[in-house]
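Letters A, B, ... mirror the listed sequences (proteins, then strands); counts begin at 1. On a predicted model such as this, the values are computed, not experimentally measured, just so you know. Basis for what follows: all heavy atoms, side chains included, without hydrogens, waters or symmetry-related copies.
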Amino acid sequence: MTMAAFTIGRPLVRGLRVIAPDDSLAIGVWSIALGFIMAGLVLAGLAVAGLLYVPLIGVLTLGAAFYGFGTMLFGEGKFAVASRGTGVPAARDDAGAMPAPQLQFGQSVGRHCSSPPRWVRRGVLLLAAAACAASLFSALAPPIAGDALCYHLELPKTFLAEHRINFLPFDDNSTFPMLTEMWYLWGLALDGGVAAQLIHWEMGILLSLAAVLLAAPILGRPWAWIVGALVVLTPGINNQMTAPLNDVALATLTTLALVAWWQPVIDDENRRWFILAGLAAGGALGTKYVALTFAAVVGAIWFWIWWRQKARRQFLLQGAAVVCVVAVSVGGLWYLRAAWYRGNPVFPFLAKTFDRLRGDCAAPVNGPPGKSGIHNPESVEPPLANKAPLGRDPLHLLLSPWLITLHPEQFGGRAHQLGLLWLAAVPGIFWTRRLRGLFTLLALAGGYWVLWYLMRQNQRFLYPIVPLLSVAAVWVWSELGLLPWRPRSVAIAAFAGMLAMVAAAPLVRCSAHLRVALGLQSRASYLAEHEPTYRAAEIANQLLPADARILSQDYRGFYFHQQVVRENVYRRYSRYDRQIQQPGDLSRSLRQAGFTHVLLAESLAGTGVQYDATLARLTDGQTSADAESLLTLADYRFRDSDGSERRYRLLMLR
Amino acid sequence: MIAPIRLTEEAPSESGLRSARRMVAAVLFERETSPGRDAPRLAAWRAWLFVGWIVVVAAAYCAHLAGLF
């Protein structure tokens with residue numbers, strides 16, 4: 001898949017002629033990233049056309065990959081670099097900091113900072129390599145991440161089974177931007193969940209390399225490698241590389257968009273970079289709604305530069321237009337789809353606003369008719385849990401870096417934490433010298449942080465600014481030489497200890513996945529140990545026909561071959577529970593709605609996930625009224641790694 | 001080949017906002033140095049202040065991991 005992506009992206013990179021032919025890092029990163037974006041669009045097109053067939057996807061992939069191998073083996077024509085500026089000189093930046101030297105893209109050596117000592121660079125890169133290798137082992141284990149089994153993999157699996165991208169009215173996630181899910185569909189078509197998972201691991205590597213490209217014009221490439229290493233040493237990012245989610249993919253694409261934006265806007269390079277920026281930004285918009293937040297902050301900074309630099313206004317305005325048109329062309333499909341089916345391009349967010357704009361609040365606007373009794377307009381907006389644990393006041397905004405570092409469990413969980421490096425290192429910019437470009441990066445990071453604080457305080461959504469913070473942290477490190485030797489020694493020792501700690505975490509974590517990754521344990525046995533729904537899925541796959549329809553309290557449906565509908569979403573739309581007049585009506589009512597089975601999940605002990613008890617209560621009522629109307633196919637208990645215990649029951653409706 | 005040298009724009013006139021920004025920058029940030037010159041050492045108290053911050057962050061993080069608070 002990577003080779004196929006490279007083959008698809010390479011002509012684009014070559015055609016734009018903005019990257020030097022000897023800059024293999026930039027060529028490789030951009031070719032693969034653009035190839036994945038284009039491949040995602042092709043797959044989305046096939047999905048819309050109802051042509052999602054494994055043989056077709058396989059033939060296209062193999063054709064592209066072999067063409068790429070052939071090109072590499074037998075050579076390709078060189079292309080000339082045409083790097084033309086606008087002819088309008090860039091102004092000195094606002095803080096009066098020194099301009100960076102005239103540089104070939106990515107080949108710069110920072111003026112302020114000499115190269116890092118070789119042992120520092122090798123040591124940090126070694127730690128990053130070890131952390132990436134450890135996360136690779138974890139990524140080779142079958143996927144068990146909750147969100148992945150709920151929709152990142154579940155939706156592509158469903159689309160692939162139906163050979164097209166259908167609207168799923170009882171799945172809120174089915175109208176999200178799904179570029180990453182198209183990549184996972186690619187992986188599922190060619191192999192399975194592990195291949196899909198490896199794509200996200202690869203996105204982590206691309207993110208690291210994109211961070212190198214971002215930092216190179218500012219710090220010089222020797223230090224930029226350390227920036228890239230720090231990005232993959234961020235605990236949350238390294239951990240998410242082991243699961244098929246989409247936050248790391250989003251960070252990769254926003255970073256690449258920023259890399260391309262930087263060249264013409266800050267360094268006054270060739271305007272064709274705007275096309276690359278638009279492609280990457282479109283990919284980001286097609287990955288996750290959070291990209292809109294990032295785009296808003298970049299837009300604000302762009303406007304500031306436009307306002308300050310009168311001589312370049314036309315150039316900047318044209319660039320903004322190009323980026324917008326290209327980005328909307330690449331990423332707009334998903335927003336159109338959401339608007340078509342839900343009446344809201346960013347469903348389920350801003351639901352009330354769009355309801356007011358529409359003048360009504362119907363549920364799926366262009367979805368299937370209410371065969372299952374879709375009604376109750378006011379219930380369309382999903383019940384969002386508390387998304388702002390800190391509230392919205394300015395004091396907590398100032399304290400938020402400290403609080404999310406020390407209490408990550410309140411902001412999406414320890415698994416997604418940013419770690420302590422940023423909080424320790426970034427404040428050091430207050431004693432370092434000023435560096436051209438750093439202020440812009442920090443303004444972007446700061447603006448994004450404020451919007452993050454005001455909207456949804458989950459650490460995962462901060463990943464797009466990790467490369468920016470990493471540049472600041474490495475600049476502080478490069479300035480440690482200005483400290484007297486005693487405090488410098490303490491600082492170096494402290495940072496070394498932190499690096500060792502964050503690198504050790506993935507090594508410890510992967511020990512649980514080593515056996516299955518190396519083939520010493522079967523995937524089925526691993527899943528039986530780690531995935532609570534797997535046993536029910538195995539039984540369902542053996543006993544149930546493919547057209548069975550399961551109403552499930554648990555949201556993990558990936559390992560079922562049948563359609564799994566989340567009970568809480570179905571209840572929110574249909575209010576089926578209010579239509580049950582007698583305890584014995586449940587089975588008949590659900591069968592009339594097209595369901596054949598129910599999967600009950602119940603938390604027995606521990607502090608893990610808690611399930612709404614509505615379906616379990618109604619089922620118990622049904623059993624007491626008519627024991628013959630439900631047939632138990634599976635009834636088992638599962639103990640999670642955190643000690644919590646759950647009970648699962650798979651019942652057939654009769 | 002001689003590398004091209006970029007011309008800078010003529011410095012805009014000093015505005016109140018610009019003066020205020022320069023004052024804030026002068027308090028918070030070190031003065032820039034010319035490329036070829038060795039940067040001056042940081043004052044010891046500022047260096048220890050930064051190191052103290054690093055140690056506090058590391059200690060608080062480790063204490064929280066250990067469940068001490």
With a 6.0 Å cut-off (strictly less than), is the heavy-atom count around CD of Gln314(A), excluding the residue itself, greater than 12? no
Identify the two heavy atoms, one from Phe50(B) and one from Ala424(A), that lie closest to each other, and give their separation to 0.1 Å. CE1-O, 3.7 Å
Tell me whether Arg313(A) at atom CZ has more than 12 heavy atoms from other residues, nucleotides or ligands lying less than 6.0 Å away. yes
Whatever's closer than 4.5 Å to a heavy atom in chain B on Leu421(A) counts as neither
What distance separates Thr405(A) OG1 from His64(B) NE2, expressed to the nearest 0.5 Å? 10.5 Å
So, do Ile54(B) and Val490(A) sit near enough that their side-chain heavy atoms are less than 4.5 Å apart? no
Among Gly428(A), Gly497(A), Ala494(A), which residue has the highest count of heavy-atom pairs closer than 4.5 Å to chain B? Gly428(A)
Side-chain contact test, heavy atoms from C-beta onward, threshold under 4.5 Å: evaluate it for Trp431(A) versus Leu49(B) and give yes or no. no
Sidechain-backbone polar pair: Arg488(A) side chain, Ala47(B) backbone, donor-acceptor under 3.5 Å: no
Of the backbone (N, CA, C, O) and the side chain (C-beta and beyond), which part of Arg414(A) lies under 4.5 Å from a heavy atom of chain B, both, or neither? side chain
Tell me the closest heavy-atom pair linking Ala58(B) and Met498(A), and the distance in Å. CB-CE, 4.0 Å
Of all heavy-atom pairs linking Trp48(B) and Pro487(A), the shortest is CZ2-CD, 3.6 Å
Side-chain donor or acceptor of Trp53(B) paired with backbone N/O of Ala425(A) under 3.5 Å: no
Taking all non-hydrogen atoms of both residues into account, name the closest pair between Tyr61(B) and Gly419(A) and its distance. OH-CA, 4.5 Å
